[in-house]
Every structure is written in C-alpha cells, then in structure tokens.
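Working notes, structure below.
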Amino acid sequence: MALTTPQVEQFKRDGYVYPLDILGGGEVADLRQRLEAREEMQGGKLEAGQRAKSHLIFKWLDDLIRDPRILDPIEQLIGPDILCWNTIFWIKDVGSKSFVSWHQDTRYWGLSSPDVVTAWLALSPASLESGCMRVMPGTHRGDVLPHEDRYDDANMLTRGQEITEGVDDGAAVHMPLEPGQMSFHNYRLAHASGANNAPDRRIGVSMHFMPTDTKQIVGEWDSAALVRGNDRHGNFAPTPVPEGDFDPAAMAFHARAAKAQSEVLYTGAAINTQKL
Ligand SMILES: O=C(O)CCC(=O)C(=O)O
C-alpha cells in the first residue's frame with residue numbers, strides 16, 4: 001500500500017489524506033468483535049484509562065501499529081525511523097451526543113516535532129450522519145491557533161478545548177470512512193467531529209506516529225513503541241510488546257505510561273476531567 005505522489009503532495013499542502021483502504025471487511029469485523037466482546041465483559045464500555053496507550057492492553061492493536069499496510073504510507077510521510085506514541089479509541093454510541101470541538105493536538109501533546117501523523121482507522125461506518133472527522137485544510141502550516149478550555153461533558157476532549165478564532169466551519173472538509181478505511185492527518189491540523197445520529201456505533205481508533213528524533217518537552221518521562229527502523233535518539237522509553245490481551249507486564253507498564261501521558265495532557269488545565 002503506497003500513497004501516490006498527488007496524495008503525498010496533498011498531505012503536505014492540506015495536512016490530510018483519505019480514504020485509504022487498509023483492512024478487508026472480514027478483518028475489520030473481527031477487530032470490532034474483539035473490542036466489543038471486551039466491552040461486554042466489562043459491562044458495556046471501556047474504562048477511561050483503557051482508551052489511551054491501548055496498544056499496551058490489546059495485542060491486536062499492537063499488531064496493527066506494526067502493520068506494513070499502515071507503516072509503508074506513514075514512512076512516505078515521516079521517514080524510515082518511526083515511533084508510535086499513542087493509540088486512542090474514539091467511540092460514539094448510537095444516540096450519543098459526544099462530539100469533538102475544533103482543536104489542534106500539537107497544542108497539548110508536548111511533542112517537539114511538527115511531523116506527528118494521526119492515522120485514524122474506522123472500525124464501523126464513520127459518515128456525516130455518525131459524526132466523522134472534519135478538518136480545516138492547510139491549518140497545519142500556520143501558527144497554533146488560540147484555544148479555550150470549555151469543559152463540556154459531551155466533548156470527548158480532555159478539557160473541552162476549542163479553537164476560538166481562525167476556523168471557518170463552512171470551509172471544513174468532512175472525511176467519511178467505511179470500516180477498514182483510514183485517514184491520515186498532521187497533528188497541527190485543526191479538526192473536529194459531530195454527534196452520532198446514525199443507527200450504528202461510530203468506532204474509531206487513532207494511532208499517532210512520529211519520527212524518532214521527536215522529544216517530549218512538557219513531561220519528564222514518556223514512552224513510545226519503536227515500530228520501524230532504528231531509534232538513535234532514545235527520547236522515549238520503549239513500550240513492551242504485549243504477549244496477549246491484558247498481559248500483566250504490559251498492563252503494569254500501561255499504568256505508568258497512561259498516567260505520565262495524562263499529566264502532559266492536563267498540564268495547565270483548571271480541572272482534571274479524567275477523560276484520558
Ligand atoms: O474521533 C474523532 O472524532 C476525533 C479524533 C481526534 O481528535 C484525533 O484523532 O485526533
């Protein structure tokens with residue numbers, strides 16, 4: 001799976017590219033089933049702490065962040081030495097009001113690199129009706145826009161952070177995806193998503209890839225998985241590869257890694273809403 005030259009150019013110019021056909025129908029149905037079986041076992045939901053750094057919890061997600069069908073196009077964008085910093089589940093149940101306000105992740109993640117790429121995989125239909133992501137083309141090339149913490153319960157973001165100026169909703173581009181398709185966007189790009197008004201859950205999982213020379217400049221300690229090439233910089237503690245779902249050693253590491261990351265995400269926030 002390779003990006004075409006126009007797709008690479010579009011990513012550089014506009015900050016996103018979609019839809020990318022990554023997983024087959026049977027494969028994506030199997031992953032959704034595994035996730036939902038776990039949710040059911042736990043009473044219907046993932047816990048907040050299980051939503052992030054989730055590749056340390058679910059072996060199938062660790063396999064996915066190392067999958068050449070994802071890494072080959074990521075390498076075209078950020079080079080051959082690749083860390084996966086995070087994985088996050090974005091689940092909007094049927095009838096849920098959950099939404100994501102306009103924001104730029106670079107403002108909150110404490111990462112030094114301008115080249116962090118979010119790869120977002122649809123495990124169920126992500127349509128206009130179900131609240132797919134929408135983006136503001138080109139915003140990854142400008143300054144980071146002003147944000148305000150608005151703490152809306154329905155907002156899936158940690159502090160309900162929202163861009164206060166510089167976004168024109170009318171000029172936004174929606175990125176609908178079928179199950180098994182992905183979008184890639186630069187983490188400096190302004191993006192958002194609406195509520196799920198569709199008859200199925202909207203289930204996505206994001207994977208955040210960065211070059212190995214990236215540094216964590218807010219937190220004192222952070223972790224990442226080396227998923228391709230060599231890490232000559234050692235700026236992030238290497239995450240263990242789980243032997244199976246809920247592997248005790250990986251879970252112990254997850255507890256530390258998720259806490260450290262949460263501290264970065266809530267740095268400067270008035271309230272810790274414990275959403276991640
Ligand atoms: O899933 C969504 O609607 C938003 C995801 C998001 O903000 C992200 O992947 O950075």
Side-chain angles (χ1 to χ4, degrees), residues 11 15-20 22 32 35 46 48 50-55 61 64-65 70 74 77 84-94 96-111 113-137 139-140 144-145 147 149-150 152 154-163 167 169 172-179 181-198 200-210 261-262 264-265 273 275-276:
F11 186 86
Y16 68 94
V17 59
Y18 87 99
L20 307 172
I22 304 288
R32 177 174 179 174
L35 169 69
L46 291 185
Q50 296 172 334
R51 277 189 54 221
K53 296 261 186 197
S54 310
H55 55 288
L61 189 49
L64 217 47
I65 62 175
I70 299 173
I74 290 290
L77 302 176
C84 178
W85 176 63
N86 199 8
T87 47
I88 307 178
F89 282 105
W90 300 92
I91 300 174
K92 296 177 186 169
D93 287 323
V94 177
S96 128
K97 299 276 171 270
S98 294
F99 71 99
V100 170
S101 50
W102 281 108
H103 69 287
Q104 291 166 299
D105 292 309
T106 185
R107 168 78 180 69
Y108 299 94
W109 288 358
L111 301 174
S113 173
D115 293 325
V116 181
V117 177
T118 292
W120 197 100
L121 173 69
L123 295 183
S124 70
S127 59
L128 267 63
E129 194 187 8
S130 73
C132 66
M133 253 193 293
R134 56 193 199 280
V135 295
M136 281 300 302
T139 42
H140 65 302
V144 178
L145 297 164
H147 288 66
D149 295 348
R150 294 192 171 153
D152 185 326
N155 195 329
M156 298 178 86
L157 300 179
T158 48
R159 44 175 97 188
Q161 59 268 36
E162 185 156 7
I163 295 172
V167 164
D169 216 276
V173 173
H174 286 86
M175 300 199 293
L177 299 172
E178 295 295 333
Q181 291 184 326
M182 278 189 135
S183 58
F184 288 176
H185 70 264
N186 181 297
Y187 83 142
R188 296 172 60 88
L189 191 72
H191 57 289
S193 71
N196 181 5
N197 297 308
D200 192 6
R201 310 175 79 199
R202 196 220 67 165
I203 308 174
V205 59
S206 59
M207 306 161 205
H208 307 278
F209 297 103
M210 59 195 189
Q261 190 198 48
S262 184
V264 168
L265 296 181
T273 57
K275 288 186 182 175
L276 278 181

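We count ligands from 1, going down the list as the structure has it; atoms in each ligand are counted the same way.
In I88, neither the side chain nor the backbone holds a heavy atom less than 4.0 Å from any atom of ligand 1. With a heavy-atom cut-off of 4.0 Å, M156 does not touch ligand 1 at all. Only the side chain of W120 comes within contact range of ligand 1, with a heavy atom under 4.0 Å; no backbone atom does.
Listed by number with element, the atoms of ligand 1 under 4.0 angstrom from any heavy atom of T118 are 9 (O). Residue S206 has at least one heavy-atom neighbour below 4.0 Å for each of these atoms of ligand 1: 9 (O). Atoms of ligand 1 lying under 4.0 Å from any heavy atom of H103, numbered from 1 in the order shown and given with element: 7 (O).
For H103 and D105, the side-chain atoms include at least one donor-acceptor pair closer than 3.5 Å. For the 3.5 Å distance criterion, the side chains of H208 and S206 qualify, holding a donor opposite an acceptor.
On a distance-only criterion, R202 and ligand 1 share at least one N/O pair closer than 3.5 Å. By the 3.5 Å distance cut-off applied to N or O atoms, W109 is not counted among the residues near ligand 1.
No donor-acceptor pair under 3.5 Å is formed between the side chain of E129 and the backbone N or O of S127. A donor-acceptor pair under 3.5 Å links the side-chain atoms of R202 to the main chain of G131, judged by distance alone.
For the pair G160 and N155, the tightest heavy-atom approach, listed with the atom from each and the gap, is CA-ND2, 3.4 Å. Y187 approaches S113 most closely through the heavy-atom pair OH-O, 2.5 Å.
Note: H147 and Y108 have perpendicular aromatic rings, judged against thresholds of 30 and 60 degrees for the angle between ring planes.
Among protein heavy atoms, atom 10 (O) of ligand 1 sits closest to H191 NE2, 2.9 Å. Closest protein heavy atom to atom 3 (O) of ligand 1: S193 OG, 2.6 Å.
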